[in-house]
Amino acid sequence: MRFVFLGPPGVGKGTQAQMLAERDSLMKISTGDILREAVSRETPLGLQAKAFIESGQLVADEVVIGVIRERLSGPDSRFGYVLDGFPRTLGQAEALSKMLEGQRTPLHRVISFEVPEQELIRRLTGRRSCPRCQRIYHLNFHPPRQQDRCDVCGEVLIQREDDREETVRRRLRIYEAETAPLLKFYEAQKILSKIDGSGSIEEVFKRLLQVLKDRF
Ligand code: AMP
């Protein structure tokens, strides 16, 4: 099966994509993860993307389309995948449609996750991570035992540059302007399903499985 997961930053689509990919042995392809890894390895792609990611802006369409084209032409994608965080603009969505038409492998479903904006801001700005062992915490939902220190290695926790409140608000504005129009694009193709992304991870996953069960 071939899926696209859509939704604003902080909605939890990456977590849901990971869970579905593990359950159904699909490949999870996240452009955010690919770009962040490139930044930390200081590859040419990473150097190109770094400033955009840190300031919450979108990386240029040609760059991310190139990344996806490479992944989808590999043999692993034959068994199905979940695209997480791509496409994010109409240009990317059109390029993806063309790519898949050429391979005669159309998308089966696009899932849009939805959560009220105030909740997204709370989720994103409360996130903290350990720069040494990479563990993730949340000030409200999964706080460290000692304020601002990693439970496991004791390192001082940091906030991701793009999780700062001002940057989060910018990312949400960009989502509304650039990505929300994709809902109409996929609705017109009759492959869109909307899911309430509030509540626990397990609750949302149950809703997702129900939608897929009703369809396939
Ligand atoms: P994410 O982890 O999906 O929120 O992505 C983190 C950042 O990577 C975004 O704020 C963008 O700067 C960049 N990015 C990820 N996916 C895309 C995409 N499809 N198009 C443009 N930029 C992207």
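Residues: numbered from 1 along the sequence shown. Atoms considered below: every heavy atom in the structure, side chains included; atoms not considered: hydrogens, waters and symmetry mates. Computed from a predicted structure; not experimentally measured. In each ligand, atom 1 is the first atom listed, and ligand 1 is the first ligand listed.
Side-chain contact check for R36 versus D33: some heavy-atom pair is nearer than 4.5 Å.
At most 12 heavy atoms of other shown residues, nucleotides or ligands fall within 6.0 angstrom of atom CZ in F52. Heavy atoms of other residues, nucleotides or ligands lying less than 6.0 angstrom from CD of Q57 number more than 12.
For E165 and R169, the salt-bridge test passes: some basic side-chain N is under 4.0 Å from an acidic carboxylate O.
Under 3.5 Å, the side chains of R109 and S193 contain a donor-acceptor pair of N or O atoms.
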Ligand-protein N/O pairs under 3.5 Å (ligand 1):
residue, atom, partner, partner atom, Å
ligand 1, 2 (O), R36, NH1, 3.0
ligand 1, 2 (O), R36, NH2, 3.0
ligand 1, 3 (O), R88, NH1, 3.2
ligand 1, 3 (O), R88, NH2, 3.2
ligand 1, 4 (O), R88, NH2, 3.1
ligand 1, 4 (O), R171, NH2, 3.4
ligand 1, 12 (O), Q57, O, 2.5
ligand 1, 16 (N), T31, OG1, 2.8
ligand 1, 16 (N), G85, O, 3.4
ligand 1, 16 (N), R88, NH1, 3.1
ligand 1, 19 (N), G85, O, 2.9
ligand 1, 19 (N), Q92, OE1, 3.0
ligand 1, 20 (N), Q92, NE2, 3.0
ligand 1, 22 (N), V59, N, 3.0

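Annotation: ring-ring contact (aromatic ring centres under 6.0 Å, His included) contacts of F79 (sequence neighbours excluded): none.
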